[in-house]
Amino acid sequence: MTAEERLVFLKDLEGAWPDAQTELHYTTPFTLLVAVVLSAQATDASVNKVTPALFAAAPTPQVMMQLSEEEAGAYIRTIGLWRNKARNIVELSRQLVERHGGEVPDTRDDLEALAGVGRKTANVILSVLFHQPTVPVDTHVFRLANRTGLGRGKTVEAVEKKLEKVIPTRMIRDSHHWLILQGRYVCKARKPECWRCVAANDCLYPDKTDRPEI
DNA sequence: AACTCGGGGCA
DNA sequence: TGCCCAGAGTT
């Protein structure tokens, strides 16, 4: 694909997934960080169900760090891994206050040193909050990038670097949901719906599927 | 690299 | 019902 075609590819993704489009709800850098931490291995919809009450009770790290793990856990019992996440968001809040004056740090090292924050979450924050050209690569984006050839690589880091070169810098910030939703709902792990994919012509995936007969 | 956490979504 | 996660941490 040429750079121009890639641009069209990314823009076309916007209409390529079904109604299931969701987005994490947040109002501040801190609540975004917590929401992303909670979203690991969970859907945005399930996270959005618990964050209003959680953020109403603890809108800042200064307040959230004072919650016990049990108190924090009571807000998020409906999402998976909630025990780990309750511990992480309380600890993460304390770390923000102690290390960064209650602010969300803007470097990869500082972010990944926080409880519950790994590479993917750090990339979300760096990109969305600080406009750095990083691409969060989850399992869906990893699969999509390797199948289509948009960014092939054996490791997440390798795929990341490829995508960062391939995607125009000014579009990276908005490309996250497109890539993830495209991977989740079109370029699915099983039974991909290749007839809906705007990259099907360039795709290297050997078992491309056709639209089923109605 | 393999294992664990876990309620939800989906077949 | 069983399988697989919009990952991160530990071994």
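These figures come from a predicted structure and were not determined experimentally. Proteins get letters first, then strands, A, B, ... in listed order; numbering begins at 1 in each.
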Considering only the [atom1] atoms, how many Å lie between [N] and [M], rounded to the nearest integer?
N	M	atom1	value
B:dC3	C:dC4	C1'	16 Å
B:dC10	C:dG7	P	15 Å
C:dT11	B:dG6	P	16 Å

Below 4.0 angstrom, N of the basic side chain to O of the carboxylate: do [X] and [Y] qualify?
X	Y	answer
A:Arg83	A:Glu69	no
A:Lys161	A:Glu157	no
A:Glu193	A:Arg196	yes

Would a 4.5 Å heavy-atom cut-off, applied to side chains only, mark A:Val104 and A:Leu111 as touching?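 A side-chain contact under 4.5 Å exists here.
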Using a heavy-atom cut-off of 4.0 Å across all strands, would you classify A:Val36 as base, sugar-phosphate, or nothing?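 Counting heavy atoms under 4.0 Å across all strands, no contact is made by A:Val36.
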Base, sugar-phosphate, or nothing for A:Ser46, non-hydrogen atoms under 4.0 angstrom?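 It contacts nothing in the nucleic acid.
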State, to 0.1 Å, how close [X] and [Y] come at their nearest heavy-atom pair, and which atoms those are.
X	Y	result
A:Val34	A:Phe55	CG1-CE2, 3.7 Å
A:Leu114	A:Gln95	CA-OE1, 3.3 Å
A:Leu96	A:Pro105	CD2-CD, 3.7 Å

Quick check on DNA chain C: between A:Ala115 and A:Ser39, whose nearest nucleotide comes earlier from the 5' end?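 Taking each residue's closest nucleotide, the earlier one in sequence belongs to A:Ser39.
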5' precedence on DNA chain C between A:Gly116 and A:Ala189 (nearest-nucleotide basis):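 This one resolves to A:Ala189.
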A:Gln41 side-chain N/O to C:dC5 phosphate OP1/OP2 under 4.0 Å: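 So the side-chain polar atoms of A:Gln41 never come under 4.0 Å of the phosphate oxygens OP1 or OP2 of C:dC5.
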Ignoring backbone atoms, establish whether A:Thr43 has a side-chain N or O less than 4.0 Å from OP1 or OP2 of C:dC5.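 So the side-chain polar atoms of A:Thr43 never come under 4.0 Å of the phosphate oxygens OP1 or OP2 of C:dC5.
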Roughly how many Å is it from NZ in A:Lys120 to C1' in C:dC5, rounded to a whole number?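 Nearest whole value for this atom pair: 12 Å.
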CG of A:Leu114 versus P of C:dG7: gap in Å, rounded?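 Atom-to-atom, A:Leu114 to C:dG7, this comes out as 19 Å.
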Let's see if you get this right: which residues in residues 64-94 of chain A place a heavy atom under 4.0 Å from DNA chain B?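 Heavy-atom cutoff 4.0 Å gives A:Arg77, A:Thr78, A:Ile79, A:Gly80, A:Leu81, A:Trp82, A:Arg83, A:Asn84.
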